[in-house]
Amino acid sequence: MSSNQIQSLSGFRDFFPEELSSRRHIFSAWRRVCERYGFSEYDGPPLEPLELYTRKSGDGIVGQLYEFEDKGGRPVALRPEMTPTFARMIALRAAALPKPIRWFSIPQLFRYERPQRGRLREHFQLNMDIVGETNFLADAEIIAAGIDALRELGLNKSHIRVRVSDRRLMVSLLDAIGVAGASHHAVFNTLDRLDKRPRDEIAKELQGIVSDQEVAGRILELTERSISQLQDEFADHESVVKAADDLVGVLGCLEKSGLEGYAEFDASLVRGLAYYTGTVFEIWEREGQLRAICGGGRYDDLLQALGGVDLPAVGFGMGDVVLSELLKEHQLMPAEVGCVDDYIVCVSEEERATALKVAHSLRDSGRRVTQDLQSRKVSRQLKAANQAGAERAIILGAEELSRGMVLVKDLESGEEQEVPLDSLTDRKG
RNA sequence: GUGGGCGUAGCUCAGCUGGUUAGAGCGCCGGAUUGUGGUUCCGGAGGUCGCGGGUUCGACUCCCGUCGCUCACCCCA
């Protein structure tokens, strides 16, 4: 690249036709699945008042925002996530909408952070949310939809797995073993790093938080328990039992749906986000170094905090960057489809008028048609037709036209057939 | 914000411990006797070797800086 050329900003992508084709492949699969689940698509502004993000998300996020003052001096930010916008929109209509509300969106989101594998400064993210339903059936439905959004793209349980846990369960477990409520958040943040830090380092950190070696050890042990082990071990703790029952219910729903073998309980899953109140889940590549493809959970208090409407909600976000890499890795990204059906070949400029007429008639009938624009020799035109991926070449030559015929060549088989010119140009209107 | 790796044609790369007109494959454009592509053969265009400075008789090659890309950390929607 020459040095005087202006390049795109770091972390932002150009979508050449090939990449846009991949993007459309993903988006259309997502939309098909959302519609099958009875979700309605919405969208909001990509630029929002800065306050929408600072008010409840805390200051942590502000450093990673694309934020500036607009010409009217208003602090604004490119949306880093969809949930605040979603919350506002839900709040505006909540009273009128039948519950539960099932909405989805595929916003482009922005984050000012150092780009790295699977994370850019801009990405598209499928958001699916169910609002107004506390029953765990909603949680199960959301997880199932997330799985299906990936199955629709050719991934299955051999590629992906869903880690599921529950904030209420983990909170009541911490209570049960005597960890003070004030420490819960710090404990979660530490456990969140379990898969990238040595275990003894995590143990030390936990000791620092709870200042008790034995309790720290018990926390670590909890992360390895199965759900039934926890149910047995804490059978006399009502809140643990209740939370475990719901979790078992969610996992059971997935099995009953036919999505067995995807999801498993994982007590080490916390997710950094503070606003989750119940089920949390992440979808990961089964044996890869890639980060989570999808993450979500239940957030029953957030709509109240952000939008002022007290409604429970459960949802997830699924980004396109990691997913694209995964699909390419497994050769699940289809080749770019041809964008031309018919290529009009003129043997000489004498046939141009006929070519224009044929091209337009075919286009009116819905065919995708291209013609050569510079009267190149026939061999070049056929080569161009081939490169364009055309299904057939319509060859217009003086000899055939004098008999009212044209040559239609099948570019796949190479076979040629004479057909009457009228059969290509006759149409209504 | 911190640290590692890397910057040579559109793409993937070669270029030995510094030596004079910087190469290949693919792609692109064109030609192979007048109306037939996807194979083949031939030819062509295209690079201030990221940028700036330094060392040297001489730098794509060494040193410094800078910008960019990339991977990881921090953080995580």
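Below, chains carry the letters A, B, ... as their sequence lines are ordered, and counting in each starts from 1. Only heavy atoms go into these numbers, but all of them, side chains included; no hydrogens, no water, no symmetry mates.
- Residue contacts shown for A:Glu400 include a base, since a base heavy atom lies under 4.0 Å away.
- Side-chain polar atoms of A:Arg79 and A:Gln108 form no donor-acceptor pair below 3.5 angstrom.
- Under 4.0 angstrom from either OP1 or OP2 of B:C76 there lies no side-chain N or O belonging to A:Gln125.
- Taking atom P on both B:U20 and B:G38, the two are 40 Å apart, rounded to the nearest angstrom.
- Distance A:Glu113 CD to B:C75 C1': 7 Å, rounded to the nearest Å.
- A:Arg193 comes within contact range of the sugar-phosphate backbone alone, with a heavy-atom separation under 4.0 Å but no base atom that close.
- For the C1' atoms, the distance from B:G52 to B:G68 is 14 Å, rounded to whole Å.
- B:C62 and B:U17 have their C1' atoms separated by 11 Å, with the value rounded to a whole Å.
- Ring geometry for A:Phe39 against A:Tyr37 counts as perpendicular: the plane angle is over 60°, on a 0 to 90° scale with 30° as the lower cut.
- A:Tyr42 and A:Phe86 have tilted rings, their planes meeting at an angle from 30° to 60° on a 0 to 90° scale.
- Remark: of the listed residues A:Arg32, A:Arg31, A:Arg102, A:Arg31 is the sole one forming a salt bridge (charged side-chain N to carboxylate O under 4.0 Å, His left out) with A:Glu41.
- Only the P atoms considered, B:G44 is 13 Å distant from B:G23, to the nearest whole Å.
- The shortest distance between the side-chain N/O atoms of A:Arg380 and the OP1/OP2 oxygens of B:U36 is not below 4.0 Å.
- The separation of B:C60 from B:C16, taken at their P atoms, amounts to 12 Å, rounded to a whole angstrom.
- Atom P of B:C41 sits at a distance of 24 Å from the matching atom of B:G46, rounded to the whole Å.
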